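So you know, we letter chains A, B, ... as the sequences are listed, proteins then strands, and number each from 1. Because the structure is predicted, anything quoted here is derived from the model rather than measured. Computed over heavy atoms, backbone and side chain alike; hydrogens, waters and symmetry mates excluded.
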Number of protein chains: 2
Amino acid sequence: MTVSKTAEKSSEKPADAAKGRKDAGEPQAEALQLGELSEQLGYVLKRAQLKVFENFLRCMASLQLTPAQFSVLLLVEKNPGRNQTEIASTLGILRPNFVAMLDNLESRDLCARIRSTNDRRSHILVLTDKGKAVLARAKKLVASKHEARLNDLLGQANREALIEMLSKIANDF
Amino acid sequence: MTVSKTAEKSSEKPADAAKGRKDAGEPQAEALQLGELSEQLGYVLKRAQLKVFENFLRCMASLQLTPAQFSVLLLVEKNPGRNQTEIASTLGILRPNFVAMLDNLESRDLCARIRSTNDRRSHILVLTDKGKAVLARAKKLVASKHEARLNDLLGQANREALIEMLSKIANDF
DNA sequence: CGATATTTGATATGGTCCATAACAATTATC
DNA sequence: GATAATTGTTATGGACCATATCAAATATCG
């Protein structure tokens with residue numbers, strides 16, 4: 001729907017246009033009514049997604065991994081020996097856009113392209129040792145800082161239910 | 001995380017790299033393992049969001065309303081007499097980016113900017129009659145095609161629980 | 001009052017992400 | 001062996017997001 005992206009110091013805190021005060025004395029125009037907006041699935045879904053990505057980036061600040069990069073590393077680790085097309089399309093990334101992404105990861109020595117001997121057109125993707133180490137650390141950060149936060153907020157059971165519902169939407173909607 | 005956006009004919013169906021066949025006879029490289037990815041909140045959240053927006057755009061094809069535009073109309077209707085800054089910031093839209101958006105809606109005669117007499121700097125936003133009519137039709141389409149679909153998929157109770165959890169994430173994460 | 005700061009809408013601009021077309025090299029198909 | 005299809009790549013354009021800056025109007029404060 002809307003809402004900013006980068007986080008850090010998002011100067012446009014949504015749903016909080018009139019400063020975050022606890023009802024100071026000043027006149028201060030009343031807050032706007034969200035109305036039906038707050039029950040619009042797309043609206044709340046987008047906002048939640050931005051918040052989650054924000055938090056993810058903060059958690060990963062030390063490793064400098066974006067959600068997309070993390071997903072690539074995870075998928076390559078789980079499916080070593082696959083080529084760019086396979087990894088990219090599984091993640092919904094278009095091949096042309098995957099090139100720069102891999103250039104980045106490869107320049108940081110996190111993964112490597114290897115010319116396949118079977119099909120000399122394709123590049124087999126593998127994690128480097130450094131890539132495996134970084135991914136391992138990333139997983140720990142995600143578990144301890146990211147998922148833990150969600151468990152605090154919703155509780156373990158609800159968190160699992162949420163992910164299941166989102167998966168259902170992602171797959172069957 | 002990744003995943004495409006526009007819908008229509010998204011040529012890169014995620015998590016389905018090897019065509020959507022029901023197990024044809026051909027050799028066909030085995031599907032990749034998603035592994036931990038399928039339980040990553042951010043991943044599934046982003047995918048669900050894209051699917052929902054996709055569906056929203058299809059439902060609104062006849063009215064040519066994007067989720068963002070719909071949210072603006074909803075908010076202006078609920079809060080008439082507010083200026084651009086207030087509407088934009090409530091939605092998390094940066095003022096500079098809100099200008100073109102309003103230009104669009106205004107050129108289609110869905111809403112109007114009115115110079116405020118109190119503060120001649122600001123533009124009061126109002127829905128035109130056509131804007132109200134379009135919004136009313138939009139709401140019906142959302143209810144009958146969009147939300148109904150979600151109810152079929154999750155059930156009324158789960159749908160409400162989902163939105164509540166997402167709101168919590170959007171607000172308190 | 002009058003100088004200065006702030007606010008509002010707007011423009012210009014750059015970055016990121018997403019999508020399409022086109023290409024060379026390689027492989028598959030007929 | 002000619003033609004078609006695939007792989008990685010480049011180039012390019014669009015959509016969205018963010019920052020700096022500006023003029024006009026208003027607020028603030030000496």
Side-chain angles (χ1 to χ4, degrees), chain A residues 1-14 17-19 26-29 46 49-50 53-54 57 66-69 71-72 82-89 91-104 106 112-125, chain B residues 1-14 17-19 26-29 46 49-50 53-54 57 66-69 71-72 82-89 91-104 106 112-125:
Chain A
M1 252 79 172
T2 53
V3 183
S4 58
K5 178 179 54 179
T6 44
E8 295 304 345
K9 38 157 187 153
S10 70
S11 45
E12 287 291 337
K13 290 286 183 60
K19 297 296 163 56
E26 315 182 9
Q28 178 176 354
K46 176 85 181 189
Q49 182 257 312
L50 288 173
F53 271 41
E54 236 180 74
L57 287 175
T66 68
Q69 291 169 337
S71 70
V72 170
R82 299 299 192 132
N83 65 24
Q84 295 184 199
T85 296
E86 292 172 312
I87 298 292
S89 80
L91 291 175
I93 304 175
L94 294 170
R95 267 112 28 191
N97 299 328
F98 195 47
V99 174
M101 234 181 123
L102 273 185
D103 289 347
N104 181 339
E106 205 173 14
R113 298 183 235 223
I114 304 177
R115 285 231 96 94
S116 167
T117 51
N118 305 336
D119 186 340
R120 303 210 336 268
R121 288 171 297 186
S122 58
H123 289 168
I124 295 310
L125 297 183
Chain B
M1 251 80 174
T2 53
V3 183
S4 56
K5 176 180 54 177
T6 46
E8 296 305 345
K9 36 153 190 162
S10 70
S11 46
E12 288 289 338
K13 292 286 183 61
K19 298 297 161 56
E26 315 181 9
Q28 179 177 354
K46 176 86 181 188
Q49 183 257 311
L50 288 173
F53 271 42
E54 238 179 72
L57 288 174
T66 67
Q69 291 168 338
S71 70
V72 170
R82 298 301 191 132
N83 65 24
Q84 296 185 200
T85 297
E86 291 172 313
I87 298 292
S89 80
L91 291 173
I93 304 175
L94 293 170
R95 268 111 25 182
N97 300 327
F98 195 47
V99 174
M101 235 180 120
L102 273 185
D103 288 346
N104 180 341
E106 205 173 15
R113 299 183 235 221
I114 305 177
R115 287 231 94 96
S116 168
T117 51
N118 304 336
D119 186 339
R120 302 209 337 268
R121 288 170 297 187
S122 57
H123 289 167
I124 295 309
L125 298 183

Worksheet item: Does the side chain of A/Ser71 reach to within under 4.5 Å of the side chain of A/Thr66, using non-hydrogen atoms?
Response: no

Worksheet item: Separation of A/Ile87 atom CD1 from D/dT6 atom P, in whole Å?
Response: 19 Å

Worksheet item: Do B/Asn83 and B/Glu86 have side chains that get closer than 4.5 Å, going by heavy atoms?
Response: yes

Worksheet, complete the sentence: Between CZ of A/Phe53 and C1' of D/dC17 the distance, given in whole Å, is 15 Å

Item to complete: Please report, rounded to the nearest Å, how far the P atom of D/dT9 is from the CG atom of A/Asp103.
Response: 7 Å

Fill in: 4.5 Å side-chain heavy-atom contact, B/Arg113 and B/Leu125
yes

Discussion item. Using modelled atom types and a 3.5 Å cut-off, is there a donor and acceptor pairing between side-chain atoms of B/Arg95 and backbone atoms of B/Thr85?
Written reply: no

Discussion item. Here's a test for you: under side chain to side chain contact (heavy atoms under 4.5 Å, CB included), which of B/Asn97, B/Asp103, B/Leu102 qualifies with B/Val99?
Written reply: B/Asp103

Worksheet, complete the sentence: Note: contacts of residues 112-122 of chain B with DNA chain D (heavy atom, under 4.0 Å) are B/Asn118, B/Asp119, B/Arg120, B/Arg121

Practice prompt. Sort out for me which residue in B/His123, B/Arg121, B/Arg115 forms a side chain to side chain contact (heavy atoms under 4.5 Å, CB included) with B/Asp119.
Written response: B/Arg121

Discussion item. What is the separation between atom CD on A/Gln84 and atom P on D/dT6, rounded to the nearest whole Å?
Written reply: 17 Å

Discussion item. Expressed as a whole number of angstroms, how long is the span from B/Ile93:CD1 to D/dA15:P?
Written reply: 16 Å

Worksheet item: In degrees, rounded to 10°, what is the bend between the two ends of the helix from C/dC1-D/dG30 to C/dC30-D/dG1, using five pairs at each?
Response: 10°

Fill in: Distance in angstrom units between A/Arg95 CZ and D/dA5 C1', rounded
12 Å

Worksheet item: Taking for each residue the nucleotide of DNA chain D bearing the nearest heavy atom, is the 5' side occupied by A/Asn97 or by A/His123?
Response: A/His123

Item to complete: For A/Leu57 and D/dC17, give me the distance from atom CG to atom C1', rounded to whole Å.
Response: 14 Å

Worksheet item: Which of these nucleotides, C/dG9, C/dA19, D/dT7, is closest to any side-chain atom of A/Asn83?
Response: D/dT7

Discussion item. Which nucleotide wins on minimum distance to the side chain of A/Leu94, given the candidates D/dT19, C/dT20, C/dG9?
Written reply: C/dT20

Fill in: Minimum-distance nucleotide to B/Thr85 side chain [options: C/dT8, C/dT11, D/dT19]
C/dT8

Response to the item:
Separation of D/dA15 atom P from B/Phe98 atom CZ, nearest Å, is 18 Å

